[in-house]
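Chain naming here is simple, since letters A, B, ... match the order of the sequence lines and numbering starts at 1 in each.
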There are 2 protein chains.
Amino acid sequence: MGIAERREREKQQRQQDIIDAAERIFFSKGIQQATMDDVATEAELSKGTLYLYFKSKDELYLAITLRGIQIMTELFQKAVQKPATGLEKAFAIGTAFFTFAQKYPNYFDALSHFELDELQFDDGCILATECSDVGQGALNILIGALKQGIEDGSIRNDIDPVRMAAIMWGMSSGIIQLTALKGKHLEQEHGFNMEGIVEESFQVFRCALERKAENE
Amino acid sequence: MGIAERREREKQQRQQDIIDAAERIFFSKGIQQATMDDVATEAELSKGTLYLYFKSKDELYLAITLRGIQIMTELFQKAVQKPATGLEKAFAIGTAFFTFAQKYPNYFDALSHFELDELQFDDGCILATECSDVGQGALNILIGALKQGIEDGSIRNDIDPVRMAAIMWGMSSGIIQLTALKGKHLEQEHGFNMEGIVEESFQVFRCALERKAENE
DNA sequence: TCATAAAATAACTATAAGTCATTTTATAGA
DNA sequence: TCTATAAAATGACTTATAGTTATTTTATGA
């Protein structure tokens, strides 16, 4: 049944086209200001058609969020390719996270809002579940790096990798939100550059992860 | 002019009453679901009257946010009363921050959203400015503690207190968002308790703040 | 060529934020 | 006490926009 397959492909393509249009509108005007009519016009479709593909405006934004999380996860996967030790991998992931936030601020923003408002989506929302799952996959990469580090001796062995990954995740998110959102303000008011903040944050993590001296 | 003063007092009181009503509505239904008509009914006023006191729904929510930030700042002020050293004060502030988030989750939620969406308010918005200012005051308490710690020798002297305060602020916010929002989920899925996460986060900070051994 | 199903449309409804002409209330002066 | 005026409050109204649905268009297979 080649036709059925083609139609399915076209349907998928149309869905992606709608997300493309929604991205352009949402990212340029801001989600609050953007309307579904805007998106429909941008996608060269009627508004009703949008609702054939997405249940609501929130769900359409969630589709964009998922894209962001997927991109981030891919960056994490690439980041752990080269480094040898677990510690180095952990820092490579950290760097990738900051790079992601800088390169795709709109996706990072979407991610932040998702994490803050995740509970508002019910369990039936497939896209929300997928966002959670893919996000968990990203976290698993970090957990894996920490585990490896404990084994290869580059990371202290008195930490629980899952707990520490959660902590690093939360802390990194917080730092990036700070730098990404208030970066310019902090630079102007306090005169310190954001890369320095990020660098210093890494020092904090290094201190927490590295094996303590034997004489302690 | 005793009458003018009384009227001013009454006006202030009414404003507070509206915020009270809005809190009950917003906190129970959620901001998205709550309507200004709901608030008006709860406040036993007409909707038009609400708009005599607040320019918009967002601004009304900002008034609630400000309350939260003020409460948090007061907790910080109390927290630094007892401890002697700067390091102890810093940790007392950290504890106060976590306590605040646990005791007033709705205020913490408001604070998180404010930090994430702060830029959407223009400079003319007095309430937004006030939130920023009071929030800066809270941060200044932490900065002061770090400065004192550097002087009294309880905190290593190779850090910049302002930068480190910003980092600790960002990281703490991130951790609390993680524990406050996903706490139950993490407990069920991964079986670790939130207090442990918070405790371990403190260890990370301790490691970053304490003076290194002399032999390094 | 026609019947059918899938896809798309656009006019429609519903909801809720925000406004404004009007009414009510409180106060100061006659 | 009565009245003019200003402040405060009202609620019906406007506007904006998310979401729905009856209808139309298009593609497919017999």
Side-chain angles (χ1 to χ4, degrees), chain A residues 1-22 25-26 28-64 113 117 120-122 124-125 127-128, chain B residues 1-22 24-26 28-64 113 117 120-122 124-125 127:
Chain A
M1 292 295 99
I3 286 171
E5 287 166 5
R6 197 207 70 221
R7 289 191 106 158
E8 180 59 25
R9 271 204 312 280
E10 281 174 351
K11 213 169 155 182
Q12 296 288 334
Q13 184 57 49
R14 172 129 300 175
Q15 193 164 36
Q16 293 303 315
D17 291 344
I18 291 171
I19 302 174
D20 287 340
I25 295 296
F26 288 176
S28 62
K29 304 182 81 168
I31 316 115
Q32 296 289 340
Q33 282 67 44
T35 71
M36 289 299 266
D37 284 292
D38 290 337
V39 176
T41 305
E42 177 72 21
E44 295 176 291
L45 290 167
S46 72
K47 188 165 64 163
T49 304
L50 300 187
Y51 285 92
L52 294 175
Y53 289 85
F54 298 96
K55 275 209 280 286
S56 65
K57 187 183 175 185
D58 278 349
E59 207 178 295
L60 180 50
Y61 190 56
L62 217 49
I64 295 172
H113 275 96
D117 298 325
Q120 82 176 50
F121 299 102
D122 57 28
C125 181
L127 274 165
Chain B
M1 289 296 101
I3 286 171
E5 286 165 6
R6 196 207 70 221
R7 291 192 103 158
E8 180 59 26
R9 270 202 315 279
E10 282 174 351
K11 212 169 157 183
Q12 296 288 333
Q13 185 56 50
R14 175 129 297 176
Q15 192 164 36
Q16 293 303 315
D17 291 344
I18 291 171
I19 302 175
D20 287 340
R24 290 193 294 273
I25 296 295
F26 288 176
S28 63
K29 304 183 82 170
I31 317 116
Q32 296 290 340
Q33 282 66 43
T35 71
M36 290 298 267
D37 284 291
D38 290 337
V39 176
T41 305
E42 177 73 22
E44 294 175 292
L45 289 168
S46 72
K47 187 164 64 162
T49 305
L50 300 187
Y51 285 91
L52 295 175
Y53 289 85
F54 298 96
K55 274 208 281 287
S56 66
K57 188 183 176 186
D58 277 350
E59 206 178 297
L60 180 51
Y61 190 55
L62 217 49
I64 294 172
H113 275 96
D117 300 323
Q120 81 176 50
F121 299 103
D122 56 28
C125 180
L127 273 165

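With sequence neighbours excluded, the residues satisfying side-chain contact (heavy atoms from CB on, under 4.5 Å) with B:Thr35 are B:Asp37, B:Asp38. Checked against side-chain contact (heavy atoms from CB on, under 4.5 Å), B:Tyr53 has the following partners two or more places apart in sequence or in another chain: B:Lys11, B:Arg14, B:Gln15, B:Ile18, B:Thr49.
The interatomic distance linking A:Tyr53 (OH) with C:dA6 (P) rounds to 13 Å, in whole Å. Remark: C1' of D:dT10 and CZ of B:Arg14 are 12 Å apart, rounded to the nearest angstrom. Atom CD of B:Glu10 and atom C1' of D:dA9 are 14 Å apart (whole Å). Note: CG (B:Leu50) to P (C:dC20) measures 17 Å, nearest angstrom. Rounded to an integer number of Å, the gap from B:Asp17 CG to D:dA9 C1' is 15 Å. Atom-to-atom, CG of B:Leu45 to P of D:dA7 comes out at 19 Å; the value is rounded to the nearest Å. At whole-Å resolution of the value, CD in B:Glu8 and C1' in C:dT27 are 17 Å apart. Going from atom CD1 of B:Ile18 over to atom P of C:dG18 covers 15 Å, rounded to whole Å.
If you check the side chains of B:Gln13 and B:Asp17, you find a donor sitting under 3.5 Å from an acceptor. Side chain to side chain, A:Gln12 and A:Gln16 fail the donor-acceptor criterion of an N or O pair below 3.5 Å.
From A:Tyr51, atom OH reaches atom NZ of A:Lys57 across 8.5 Å, with rounding to the nearest 0.5 Å. Summarising the geometry, atom NZ belonging to B:Lys47 is positioned 8.0 Å from atom CE belonging to B:Met36; distances are rounded to the nearest 0.5 Å.
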Exercise. Going 5' to 3' through nucleotides 12-28 of chain D, assign each nucleotide B (protein heavy atom under 4.0 Å from a base atom), S (under 4.0 Å only from sugar-phosphate atoms) or - (no protein heavy atom that close).
Key: -----SBBB-------S
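Heavy atoms of B:Phe54 sit nowhere under 4.0 angstrom from any nucleic acid atom.
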